[in-house]
Amino acid sequence: QGLGGGKGNNLYGSGGGHGGDGGNTTSSGWGYCDITNLSTIGSGGGASGAAAGGAGGGLIILSATSTVTINGIITANGDDGVNNAAGGGSGGGIKITADIIAGTPSNFSASGGNAKTSGSTNGGSGGGGCVNLFYTTSNSITPTSSYFFINGGTVSYRGSGGMALVKKVGVNNGGLYVLNNGLATDITQTTSTLSNLVVDSIYVSSTVFQVSSTKTFTLSNADPFSGNNLGVINVYGTLSKTNGFSAINNAIITIFAGGTIVASSTVYLGSSSTLKLTTSSIFSGNGVNFNSSGTLHIYAGTIISTST
């Protein structure tokens, strides 16, 4: 059992969490993996009466000084709930470290298990798992490929998407991928042990990535956002970029009360992007000049903090 086990009762079980939160989560089933140094297994779903929740996926670690080649199947999936309205287990972890990561897998997955349903009572599916792909020379495995799955379970209350960090060690901070196959109400967020996560870019697909109130999420690329236009980034803490943001493309970002976005003097919103600055949120930058072909919402009570 991992650290994000789902909660059960006589009626239903919530999904287990790992990379993403489990579905139907109230007081348990939250995500907890350290995406910068993966070392955790997935968690089981909550029981529904005597029916057990699905087990969480395990942890696979492959490490080589030369080449790791994967052309077949590698999976660390969570199991489905057993019966009644039991919750699904969360996806586990896959960590590969090598000089060269090669091959084209037929199935590379650390997905959450599905919940069971019993009449009108619904359990929660497991959250997606976590993946590290760390290399020094080259890597051929990409999280946006059709063989790559870290989604939450899809039955009843969906689990939230998992996370993958792809990084050229010693050269960059890596690209963070937050992926699901359908938008869930539950979220994906960095573990409580990380106060500040720095990556080059973020790709969000059909899930909600959250920067909580105690966190700083920093991006270093000039144009760091991408996704399938169905991904959402919710900020309660600080969203920052080296030297400030100048471009926001392919992203739906909401800065909530108490949250801060740190920008450069000119912020360009692309046609497929949305930025919402809600009441009591903070927009901080060296002057403000919005050049927008996207959608910009500035709510009454937004705090614009500038210096010249």
Side-chain angles (χ1 to χ4, degrees), residues 4 6 14-25 29-33 35 38 42-43 45 57 77-78 87-94 108-115 124-131 142-146 148-166 174-191 194 197 199 201-212 215 217 219 224-237 239 248-256 272-276:
S14 60
H18 189 201
D21 288 0
N24 202 15
T25 299
W30 296 311
Y32 54 89
C33 85
I35 196 60
L38 178 58
S43 293
N77 295 328
S90 64
I94 302 174
F108 190 113
S109 61
S111 295
N114 290 326
S125 290
C130 293
V131 173
T142 56
T144 54
S145 299
S146 60
F148 196 102
F149 305 97
I150 51 173
N151 50 274
T154 61
V155 173
S156 185
Y157 295 96
R158 288 179 178 268
S160 190
M163 292 187 287
L165 182 63
V166 182
L176 181 65
Y177 295 80
V178 188
L179 310 175
N180 211 357
N181 58 3
L183 195 61
T185 56
D186 291 279
I187 60 172
T188 301
Q189 60 184 329
T190 58
T191 174
L194 287 176
L197 177 61
V199 298
S201 60
I202 183 170
Y203 182 104
V204 184
S205 174
S206 299
T207 198
V208 178
F209 178 74
Q210 179 169 298
V211 181
S212 62
K215 309 294 183 184
F217 182 58
L219 296 153
F225 301 103
S226 57
N228 68 345
N229 297 323
L230 296 175
V232 175
I233 299 174
N234 289 341
V235 179
Y236 294 86
L239 178 63
I248 297 176
N249 292 301
N250 301 303
I252 301 171
I253 302 173
T254 302
I255 313 298
F256 288 90
S272 57
S273 62
T274 298
L275 176 62
K276 296 180 181 180

message: Regarding Ser90 and Ser43, do their side chains bring together a donor and an acceptor under 3.5 Å, going by distance alone?
response: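 There is no such pair between these side chains.
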
Search all heavy atoms of [X] against all heavy atoms of [Y] and return the closest pair with its distance.
| X | Y | answer |
| --- | --- | --- |
| Val232 | Val204 | N-CG1, 3.7 Å |
| Thr188 | Ser160 | OG1-OG, 2.8 Å |
| Gly152 | Asn180 | N-OD1, 2.9 Å |
| Asn250 | Ser273 | N-CB, 4.0 Å |
| Tyr203 | Leu179 | CD2-CD2, 3.6 Å |
| Gly19 | Cys33 | CA-SG, 4.1 Å |

Among Gln189, Gln210, Lys215, the one residue meeting side chain to side chain contact (heavy atoms under 4.5 Å, CB included) with Tyr236: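 By the side chain to side chain contact (heavy atoms under 4.5 Å, CB included) criterion, Tyr236 pairs with just one of Gln189, Gln210, Lys215: Gln210.
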
field: side-chain contact (heavy atoms from CB on, under 4.5 Å) assessment of Leu38 paired with Ile94
entry: CA-CA 8 Å; Leu38 178 58; Ile94 302 174; 5.7 Å; no

Passing option when Ser205 is tested against Asn228, Thr144, Asn229 for side chain to side chain donor-acceptor pair (under 3.5 Å): Asn228

- prompt: Is any side-chain heavy atom of Val199 closer than 4.5 Å to a side-chain heavy atom of Ile35?
  reply: no

message: What I'd like to find out is whether the side chain of Pro143 reaches to under 4.5 Å of the side chain of Val166, using heavy atoms alone.
response: yes

Approximate separation, where rounding is to 0.5 Å, of Ile233 CD1 and Phe217 CZ: 6.5 Å

- request: To the nearest 0.5 angstrom, please state how far the CG atom of Leu197 sits from the CG atom of Leu165.
  value: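 Nearest 0.5 Å value for the CG-CG distance: 7.5 Å.
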
- prompt: Does the gap between the ring centers of Phe148 and Tyr177 come in under 6.0 Å?
  reply: no

Is a side-chain N or O of [X] found less than 3.5 angstrom from the main chain of [Y], in a donor-acceptor match?
| X | Y | answer |
| --- | --- | --- |
| His18 | Gly129 | no |
| Asn234 | Thr254 | no |
| Ser125 | Val155 | yes |

Set of residues satisfying side chain to side chain contact (heavy atoms under 4.5 Å, CB included) with respect to Ser145, sequence neighbours excluded: Thr142, Tyr147

For Asn181, all residues meeting side chain to side chain contact (heavy atoms under 4.5 Å, CB included), sequence neighbours excluded: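 Here the qualifying residues are Asn151, Thr154, Arg158.
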
Ring pair (Phe, Tyr, Trp, His ring centres under 6.0 Å) against Phe149, all qualifying residues, sequence neighbours excluded: none

CA sep, side-chain torsions, deciding dist, call: Thr274, Lys276, side-chain contact (heavy atoms from CB on, under 4.5 Å): CA-CA 7 Å; Thr274 298; Lys276 296 180 181 180; 4.1 Å; yes

message: Please determine whether side-chain contact (heavy atoms from CB on, under 4.5 Å) holds for the pair Phe225 and Asn249, giving the CA-CA distance in whole Å, both sets of side-chain angles, and the decisive distance to 0.1 Å.
response: CA-CA 6 Å; Phe225 301 103; Asn249 292 301; 5.7 Å; no

